[in-house]
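Note on naming: letters A, B, ... go to the chains in the order of the sequence lines (proteins, then strands), and numbering restarts at 1 for each one.
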There are 2 protein chains.
Amino acid sequence: MSDYATLLKASGLKATFQRMIVLETIECDGHRSVEEIHEVLKESYPSISLATIYKNITMLQEKGILTEVPIVGRKSKYELSKSEHIHLVCTLCGGVEDHPYPPQSDEVLRPLIAKEQFALQKRDINLYGICHLCQVASTS
Amino acid sequence: MSDYATLLKASGLKATFQRMIVLETIECDGHRSVEEIHEVLKESYPSISLATIYKNITMLQEKGILTEVPIVGRKSKYELSKSEHIHLVCTLCGGVEDHPYPPQSDEVLRPLIAKEQFALQKRDINLYGICHLCQVASTS
DNA sequence: ATATGTGCAAAGGGTTTGCAGATAT
DNA sequence: ATATCTGCAAACCCTTTGCACATAT
């Protein structure tokens, strides 16, 4: 549970209640789509507006506080920006799990980037498959 | 330039003119969004319907002929399905380039997958940055 | 001949925008 | 006190759907 107020102010944003509960919802589950955020928040704060969630997600991305995670066949999810990691994406439940980069992954990609004279900004590695929970569920 | 008619029939689809020019447009550039496909095709075939393009892209994905390439901050692009590869995505022009997997990338990821008991279906590796052409253009 | 596919227009969702009132600083 | 933010409603996409006509097999 981060100090969202400080985080927001450091980016020149006002620390509003709505922003903090959006961030809290995302951090709580790790990865959430716009609609998921709205569904969750409506239960506790029925007056929250979908437009506000959209505006904040856009703004928080521009400030680098949130990162978009685009997913094949689904709506993008959003996560709190953090050091690079791999996503395991379940094609059944849509769940996303973070995992650290394997140690040698840098060296593996470096020759390709150098050869292409590509100014790398960000790596995005996603492994799609069926998570352990969904495998168990489908066996029973 | 593949034999699209055979490809389509092998999946139980009729080899219509519209399907073939959609495939041709995608293969020609490598990666195209729905709107890009429509823009390109309208010039030569003004009567082509956007609805037809949508229906076909959905169907061609279901048959495994096309693969969706989701991209941060943009609409998804589509490519002809082929063996796994890495995407270099330019954050300025939105261009996507394919590159072969570096040889060791399998081994690097394997321990993670085993540990998580994750039934891997597909890897999706995207490197975001600025392509060489855009770098040159911004220097001038 | 017939199942499938296309184009059109309408419907359906998701996302953005403008503005008046509310809030954080 | 004031710049910023929120919620609402409307507008504005993008995408899907239903249906009559056309086409591939």
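Protein atom NZ of Lys9(B) is 15 Å distant from nucleotide atom C1' of dA3(C), rounded to whole Å. One interatomic measurement links the two molecules: CD1 of Ile37(B) to P of dT6(C), which rounds to 14 Å at whole-angstrom precision. If you measure from atom CG of Leu7(A) to atom P of dA24(C), you get 18 Å, rounded to the nearest angstrom. The distance from atom CG of Leu50(B) to atom P of dA11(C) is 18 Å, rounded to the nearest whole Å. One interatomic measurement links the two molecules: CE of Met20(B) to P of dA24(D), which rounds to 8 Å at whole-angstrom precision. In this structure, Gln61(A) atom CD and dT16(C) atom C1' are separated by 14 Å, rounded to whole Å. What separates OH of Tyr45(A) from P of dA22(C) is a distance of 21 Å, to the nearest Å. Across the protein-nucleic acid pair, His38(A) atom NE2 and dT16(C) atom C1' stand 15 Å apart, rounded to whole Å.
Contacts of Leu120(B) classified as side-chain contact (heavy atoms from CB on, under 4.5 Å), with partners at least two apart in sequence or in another chain: Leu127(A), Ile113(B), Phe118(B), Arg123(B). With sequence neighbours excluded, no residue forms a salt bridge (Lys or Arg N to Asp or Glu O under 4.0 Å) with Lys14(B). Listed by chain and residue number, Asp106(A) satisfy the salt bridge (Lys or Arg N to Asp or Glu O under 4.0 Å) test with Arg110(A) (two or more places apart in sequence, or in another chain).
Following chains of ILVMFWY side-chain contacts shorter than 4.5 Å, one can reach Tyr45(A) starting from Ile53(A), so the two form part of one hydrophobic cluster.
The list of salt bridge (charged side-chain N to carboxylate O under 4.0 Å, His left out) pairs with a residue in residues 60-72 of chain A, not counting sequence neighbours, is empty. Evaluation of the ring-ring contact (aromatic ring centres under 6.0 Å, His included) test over residues 57-102 of chain B, restricted to residues two or more places apart or in two chains, returns His31(B)-His87(B), His85(B)-His87(B).
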Q) Reading nucleotides 4-14 of chain D from the 5' end, what letters show protein touch, with B for base, S for backbone sugar-phosphate only, - for no heavy atom under 4.0 Å? A) BSSBBB----S
